[in-house]
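Before anything else, here's the structure in question.
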Amino acid sequence: MNKTLDPKSYEKDIYSMWLDKGYFKANVNKNKSPFTIIMPPPNITSKLHIGHAYTTTLQDTIIRYKRMQGYEALLLPGTDHAALATEVKVVEKLKKEGKTKEMLGRKAFLEEMQKWYHQYGNLILEQFKQMGVSCDWDRLAFTMDEDRQKSVRYAFKHLYDKGLIYQGDRITNWCCSCHTALSNIEVEYEDHHGYIYHIRYPFQDGSGYIVVATTRPETLMGDVAVAVNPTDERYTGIVGKMLDLPLVHRAIPIIADAYVDKEFGTGMVKITPAHDPNDYEVGKRHHLPMIQTINLDGTMNENAGAEYCGLDRFACREKVVEDLKNLDLIEKIEKYDNKVGHCQRCHSVIEPMLSKQWYVRMKELAKPAIDVVKDGQLKFVPKRFENLYLSWMENIDDWCISRQLWSGHRIPVFTCEDCGQKIVELEDPTVCPHCGSTHLTQDEDALDTWFSSALWPFSTLGWPNKTEDLAYFYPTSLMITAYDIIFFWVARMIFSGLEYMGQIPFKEVLMHGLVRDNLGRKMSKSLGNGIDPVEMIEKYGTDALRYSLVMGTAIGMDAKFGMEKIETSRNFLNKLWNASRFVLESLKQADFVLKDIHTIALDGLDEYILTELSHTIEEVEKSYEKYDLSVVASSIYEFVWTKFCDWYIEGIKPKLYSNDPQIRNDTINILVYILDKILKLLHPICPFVTEEIYQNLPNHGPSIMIDSFPHIDKELLFVDHRDIIEDLMEAIRGVRNIRAEMNVADNIRTNIYIEILDAEEIINSVLYAIPKLAFGKEICKGKCDNAKMIVAKHVKLYLPVDDMVDKEAEILRLTKELEKIDKEIARSKSMLNNAGFVSKAPQKLVDAEKEKLQQHEEHRKTIISSIDAMKK
RNA sequence: GGGAGCUUAGCUCAGUUGGGAGAGCAUCUGCCUUACAAGCAGAGGGUCGUAGGUUCGAGCCCUACAGUUCCUACCA
C-alpha cells in the first residue's frame with residue numbers, strides 16, 4: 001500500500017470491477033425485499049455541478065447501505081431532455097453559428113437536438129460514474145426515448161379521455177424571448193425598482209378627467225375600461241360615464257367591480273384584459289372586448305396604433321410616457337418597487353398574454369395527492385415540507401402544459417381539417433373516425449418537460465405495460481431530491497402516480513437543500529464562486545468529495561461547501577488509510593492466523609474498543625435509518641480517529657512487539673476485526689477507499705459492497721469495563737496535561753507509578769499500555785513521593801518530577817483545577833439542596849449527583865494537599 | 001400580505017423522550033515518538049439573538065420582539 005492516500009491509483013479500476021461483476025444490477029427477487037430509488041434525471045443542458053454531486057452522494061450512500069443490509073437495491077439512472085432549458089441552449093449555439101431554428105426548420109432542428117442529447121447525455125453520465133454511483137446502468141432511461149414516448153402518449157390520452165385535459169383561451173405567462181407559454185411556477189418574481197405613472201384620462205364630454213395609476217403605461221392602448229370599487233362613494237356618480245382613452249381616442253366606460261382596492265392609489269384601475277390576468281377576469285365579468293396590443297415577440301402590433309406599432313414593449317413604454325407628457329396627461333411619476341415576473345430559463349420579463357393553450361384540470365387530481373400525505377402514507381423528510389406541499393396542492397391552479405417549442409414531446413392531438421374533430425390516440429391516426437377524412441394535422445406545440453418527468457417513477461419501470469418490475473419495485477421506496485422542485489416535480493409525481501398507477505410513487509421523499517458557497521451564496525457562473533466537483537475529484541478523490549458533502553449538513557438545510565471541508569475529509573481518509581496500513585503491515589510481519597474474535601482472551605483495552613465499536617455501530621445504523629448522514633460521518637470520524645487510532649492502536653502497540661506469538665496474533669485479530677467493521681460502516685459514503693482497503697484484509701469477500709452491514713454483537717459489550725478504562729484514560733490525560741503545562745518534551749520519559757484503588761484485575765490487564773499513552777518509561781506499582789499525583793475513580797497515578805520543575809507554574813495549574821472542581825461542587829450542592837430537585841427529579845439522577853459530589857470532594861482534598869506540598 | 005427556516009466558539013456548523021455546552025477549521029504552546037507533519041500531545045475561546053413564561057431544572061417546550069434567508073400572493 002502507498003504511504004499516502006492516492007485515490008487516482010484505484011478509483012477507476014474499482015468502478016470497472018464493480019461493473020464487470022454486475023453488482024449494480026437489481027432484478028425481481030422474491031427472496032428479498034426491494035429497496036428502490038429512482039434517480040432524479042439530470043437535465044442534459046450541462047455537465048455535472050456540485051448540486052448533482054450532492055444529491056448523487058445521498059442517493060448512492062443510501063442505496064449502498066440498503067444493499068449491504070440485504071435488500072434488492074435498485075438505483076435507477078436516467079436523464080431528462082428538459083425541453084425548454086435545452087432548446088434555449090441549442091438556440092444559443094445556433095445563434096453563434098449565425099443560424100436560427102426557423103432557418104433550419106423543425107426536422108433539421110430536431111436533429112440538432114438529438115446531437116446535443118447524445119453529447120451532453122453521455123458527458124454527464126460519465127461524470128456520475130466518477131462519483132461512484134452504484135446504479136443499474138442497464139436500466140438507463142431518457143425522458144425522450146421510445147419507451148418514455150409511449151408512456152407520455154398513454155398518459156396524455158388517459159387524461160384527455162377523462163376530460164382532464166382541455167384547451168383554453170386564457171391569459172398565460174408568455175416569454176417573449178423563448179416564444180412560449182409557461183406554467184405559473186416557471187415564472188420567477190424579482191424585485192424591480194421602477195416607477196408608477198399617474199395618468200389623466202379625460203371624460204369624453206369634456207367635463208374634466210380622472211387619474212389612474214399604472215406601472216405598465218405601454219398597455220394603455222389595450223385599455224377597455226376603468227374600474228372603481230362599487231362601494232367607493234367618491235366615484236358612485238361617475239360609474240357608467242365614458243372616458244376618452246388618451247393617444248388612441250377610443251371611448252371606454254367607467255365600470256364598478258369589487259376587485260378594485262379603494263385604498264390603493266387613486267382607487268381607479270385601468271382595465272387591459274388581454275395583458276393582465278386580473279383585468280382579464282374583470283373583462284370577462286363585464287363582457288368587455290379583449291384588445292391585444294403586444295405581439296408574441298414583445299413588440300407592439302397595429303392595435304397599438306401606427307405611432308407605436310413595431311416598437312419593443314419597453315421602448316414603447318418610454319414613448320407613451322413622453323407623448324402623454326407632451327399632452328399634459330401625466331399627473332405625476334413616482335418611484336415604485338414591485339415584483340416583476342421573469343422567465344426561469346432566459347430571465348426576460350414575462351408578459352401576461354391572451355393565448356390558446358392546453359391545460360390539465362388539477363382540482364380532481366390534487367385531492368387524492370393531498371390525502372396520501374395527510375394520512376401519512378407518503379412521508380416527507382423533514383416533515384415541515386409537508387406543509388409547503390399541502391398548501392400548494394390545496395390552492396393549485398390548472399397546469400398549462402403546452403409549450404411553443406419544437407423539442408420535447410409533441411402534443412398528440414390531431415385535428416381533422418374537414419370536420420374539426422380532435423383525435424387523440426396511442427398511435428398517430430391517419431383517418432378521421434368522424435368523417436373519414438385523411439386531412440389530419442397534429443398540434444404544433446410540445447409538452448412541458450415536467451409532464452414526462454411526472455411519470456418517471458413508473459415510466460422507468462415499464463409502464464404502461466404491466467411489468468414484473470413494476471409489481472416488484474413499485475411503489476418505490478424513497479425519492480431523494482432538492483426542495484426547490486417540490487412543485488415542479490415531487491407534487492406532480494405524486495398525483496400522477498395515484499392517477500395512473502393507483503398507488504403512491506414513493507413511500508418517502510427526502511428533501512435536501514442546495515449547495516452554497518462558504519458565504520452562503522448560490523453558486524453561479526456570474527459570481528465565479530462555483531466549485532467544479534470534477535476538479536475536486538481530481539485533486540482529493542471521490543470519497544473525500546462525498547464525505548465532505550454529507551459532513552456537517554442537516555437534511556433539508558442548505559449546505560455550505562468550502563475547501564476546508566474537503567481537506568478535512570481527505571485528511572480523515574488519509575488517517576484511515578494509514579491506520580489500515582499499520583494493521584495490514586503488522587499482519588504481514590506476523591505468522592498471522594485468523595481467529596474467531598469470541599475465542600480470544602480480551603484485556604480491558606480490547607473490551608473498551610469493542611464496546612465503543614458496538615456503540616458506534618448502533619449510532620451509525622440508527623442514523624442511516626434516519627438518513628442523517630452527517631451524524632453517520634461524525635460518529636465514524638470520532639470512533640476511527642480518537643478512539644481507535646489515538647487510544648487503542650497507540651495503547652496496544654506493546655502487545656504487537658510482544659515475544660509471545662499468541663499475544664501478537666490475538667491483537668492483530670482484534671485490529672483486523674475492528675478495521676473490517678469500520679470499512680463496512682463507512683463504505684456507503686466512501687465506497688472506493690473502503691473497497692481498496694477491504695481487498696487487502698485477510699479472508700475478505702469478493703467485494704465490500706455486497707458484504708453485509710455490521711450488527712451489534714452483544715457478546716462483545718463490556719460497558720462496566722469500558723467505564724473503568726475511560727477512568728484510567730482520564731488519569732492518563734492528567735499526566736499528559738501536567739507534562740504539557742511543564743513544557744516537558746515528549747521524548748523525556750520518567751517512570752510512572754500507579755496505585756490501584758478499585759477494579760484491580762481489569763486495570764492490571766492494561767498496565768502495559770500506560771507508558772506508551774502517558775509518555776512514561778515504565779509503569780511501577782505503588783506510591784511515589786516527590787511526584788505529582790493524578791487522582792481518578794479507580795487509580796492514582798504519580799508522575800515523578802525533578803527539582804527543575806517550575807513550582808509557581810504547577811501551583812497555578814493546581815489552583816485552576818481547584819477552581820474548576822469548586823464550581824462543580826457548588827453546582828452539585830445547589831442541586832442537592834434544592835428540595836424540588838430531590839423530590840421531583842428521577843431518583844437515578846439524584847443518586848448520581850450525590851455520588852459525583854462525593855467524588856469531587858475527595859478530589860478537592862488531594863488537590864489541596866498537593867498545593868500545600870508545593871508550597872513547602 | 002401570508003407561511004416557513006435560521007440566529008450556539010473568530011469561521012462553518014452539529015446538538016429530541018428538558019438533567020453537567022460539542023466537532024472541524026483557525027489561533028497559541030511543545031513535539032519529525034519505528035501507521036500517519038494530510039501527523040502527535042496540550043491550551044485558550046461561548047450571557048446558546050433579545051425579553052418574558054412553563055418547570056425542581058430550558059440551547060431544547062410556549063409567547064412576543066429583533067436580525068436574516070427562502071417560499072408564496074392579483075395590489076394597479
### Task
Return yes if a side-chain donor-acceptor contact under 3.5 Å exists between A/Y189 and A/N338, otherwise no.
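Side-chain D/A pair, A/Y189 to A/N338: absent.
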### Message
Quick check: closest heavy atoms across A/T642 and A/D646, and the distance to 0.1 Å?
### Response
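Where A/T642 meets A/D646 most closely, the heavy atoms are O-CB, 3.2 Å.
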#### Entry: Gap in Å between the two P atoms, one belonging to B/A26 and one to B/A38, rounded
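12 Å, rounded to whole Å.
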#### Entry: Whole-Å gap separating C1' (B/U17) and NZ (A/K844)
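Atom-to-atom, A/K844 to B/U17, this comes out as 13 Å.
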### B/A4 pairs with, by Watson-Crick or G-U criteria that keep both distances under 3.5 Å
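WC or wobble partner is B/U69.
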### Query
In terms of ring plane angle, is the pair A/F644 and A/Y648 parallel, tilted or perpendicular, where the classes change at 30° and 60°?
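The rings of A/F644 and A/Y648 lie parallel, inter-plane angle below 30°.
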### Task
Answer yes when A/R733 and A/E730 have at least one side-chain N-carboxylate O distance shorter than 4.0 Å, and no when they do not.
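Result for this pair is yes, salt bridge flagged.
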### Message
Taking only the C1' atom of each, what is the distance from B/G57 to B/A21 in whole angstrom?
### Response
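Straight-line distance between the two C1' atoms is 16 Å.
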### P-based separation of B/G2 from B/A73 [nearest Å]
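Going atom to atom, P in each nucleotide, I get 15 Å.
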### Query
Counting any heavy atom closer than 4.0 Å, what does A/S630 reach on the DNA or RNA strands: base, sugar-phosphate only, or nothing?
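No contact.
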### Message
Pairing check on B/G45: which nucleotide meets the Watson-Crick or G-U wobble criteria with it, both distances under 3.5 Å?
### Response
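The base-pairing partner of B/G45, which may sit in any strand shown, does not exist here.
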### Query
Once you round it to whole Å, what is the distance between C1' of B/G45 and NZ of A/K820?
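In whole Å, B/G45 C1' lies 14 Å from A/K820 NZ.
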### Task
Please state the C1' separation for the pair B/U47 and B/A43 - nearest whole angstrom.
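My reading of the C1' atoms in B/U47 and B/A43 gives 23 Å.
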### Query
Does A/N751 reach the main-chain N or O of A/K777 with its side chain, forming a donor-acceptor pair under 3.5 Å?
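Pair absent, no side-chain N/O of A/N751 close to backbone of A/K777.
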### Query
So which nucleotide does B/U34 pair with, by the Watson-Crick or G-U wobble rule with both distances under 3.5 Å?
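Per the H-bond distance test, none.
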### Message
Partner lookup for B/U55, please. Criteria are Watson-Crick or G-U wobble with both distances under 3.5 angstrom; report none if nothing qualifies.
### Response
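Base partner found: none.
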### Message
Could you check whether A/K653 makes a cation-pi contact with A/F582, meaning its NZ or CZ is under 6.0 Å from the centre of the six-membered ring and within 45° of the ring axis?
### Response
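Yes, cation above the ring, under 6.0 Å and within 45°.
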### Message
Both distances below 3.5 Å, Watson-Crick or wobble geometry, any strand: find the nucleotide opposite B/A64.
### Response
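Pairing partner, where one exists within any strand: B/U50.
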### Query
Which nucleotides of nucleotides 70-76 of chain B have their base under 4.0 Å from a protein heavy atom (B), which only their sugar-phosphate (S), and which neither (-), written as one string 5' to 3'?
-SSBBBB
### Task
Indicate, with a heavy-atom threshold strictly under 4.0 Å, whether A/A554 touches base, sugar-phosphate, or nothing.
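If one applies the 4.0 Å heavy-atom cut-off, A/A554 turns out to touch the sugar-phosphate alone, with no base involved.
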### Rounded C1' spacing from B/A4 to B/C11 in Å
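Looking at atom C1' only, B/A4 and B/C11 are 27 Å apart.
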### Task
For each nucleotide in nucleotides 35-40 of chain B, reading 5' to 3', give B when a protein heavy atom comes within less than 4.0 Å of its base, S when such contact involves only the sugar-phosphate, and - otherwise.
BB-BSS
### Query
Nearest nucleotide by nearest heavy atom, which residue falls closer to the 5' end of RNA chain B, A/A740 or A/F837?
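Nearest nucleotide further toward 5': that of A/F837.
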### Task
Classify the nucleic acid contact of A/H198 as base, sugar-phosphate or nothing, counting any heavy atom under 4.0 Å across all strands shown.
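It contacts nothing in the nucleic acid.
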### B/G24 pairs with, by Watson-Crick or G-U criteria that keep both distances under 3.5 Å
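Across all strands, the one nucleotide that pairs with B/G24 is B/C11.
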### Task
For nucleotides B/A51 and B/U16, find the distance between their C1' atoms and express it as a whole number of Å.
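After rounding to an integer number of Å, I get 25 Å for this pair.
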### d(NZ, A/K560; C1', B/C11) in whole Å
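So the NZ-C1' distance, A/K560 to B/C11, works out to 10 Å.
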### Task
Starting from P on B/U16, measure out to NZ on A/K626 and report it in whole angstrom.
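Taking atom P of B/U16 as the reference, NZ of A/K626 is at 8 Å.
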### Query
Base, sugar-phosphate, or nothing for A/M557, non-hydrogen atoms under 4.0 angstrom?
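A/M557: backbone/sugar contact only, no base atoms under 4.0 Å.
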### Task
Check salt bridge (Lys or Arg N to Asp or Glu O under 4.0 Å) between A/D822 and all other residues, then give those that pass, not counting sequence neighbours.
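Scan of A/D822 (salt bridge (Lys or Arg N to Asp or Glu O under 4.0 Å), adjacent residues dropped) gives A/R860.
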### Query
Contact class for A/R384 vs. all strands (heavy atom < 4.0 Å): base, sugar-phosphate, or nothing?
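Sugar-phosphate contact only.
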### Query
Rounded to the Å, how far apart are A/E819 CD and B/G44 P?
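Rounded to whole Å, this separation is 12 Å.
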### Message
Rounded to whole Å, please give me the gap between CZ in A/R749 and P in B/C31.
### Response
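Spelled out: CZ on A/R749 to P on B/C31 is 14 Å.
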### Query
With a 4.5 Å heavy-atom cut-off, do A/Y483 and A/V490 have their side chains touching?
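No. Closest side-chain heavy atoms not under 4.5 Å.
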### Task
To the nearest Å, give me how far apart OH (A/Y627) and C1' (B/A14) are.
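After rounding, the gap between these two atoms is 21 Å.
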### Message
Quick check against the 3.5 Å criterion: does A/T172 have a side-chain atom that pairs as donor or acceptor with the backbone of A/W174?
### Response
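Here the side-chain-to-backbone pair does not exist.
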### Query
Of the options A/R317, A/H275, A/K270, A/E351, which is the one that meets A/T219 in a side-chain hydrogen bond (donor to acceptor under 3.5 Å, both in side chains)?
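Result: among A/R317, A/H275, A/K270, A/E351, A/K270 is the only option passing the side-chain hydrogen bond (donor to acceptor under 3.5 Å, both in side chains) with A/T219.
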### Message
Reading RNA chain B from 5' onward, which residue's closest nucleotide shows up sooner: A/V838 or A/K565?
### Response
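With A/V838 and A/K565 compared, the 5'-side residue is A/K565.
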### Query
If the P atom of B/G49 is compared with that of B/C40, how far apart are they to the nearest Å?
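Taking atom P in both B/G49 and B/C40, they lie 33 Å apart.
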### Query
Just how far, in rounded Å, is C1' of B/A14 from CE of A/M551?
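Interatomic distance, CE of A/M551 to C1' of B/A14: 11 Å.
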### Query
What is the ring orientation for A/F572 with A/W641, classed by angle as parallel under 30°, tilted 30 to 60°, or perpendicular over 60°?
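Parallel: the ring planes of A/F572 and A/W641 meet at under 30°.
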### Query
Considering only the C1' atoms, how many Å lie between B/G52 and B/A14, rounded to the nearest integer?
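Approximately 28 Å lies between the C1' atom of B/G52 and that of B/A14.
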### Query
Less than 4.0 Å between a side-chain N and a carboxylate O, is that true for A/E849 and A/R827?
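Salt bridge: yes.
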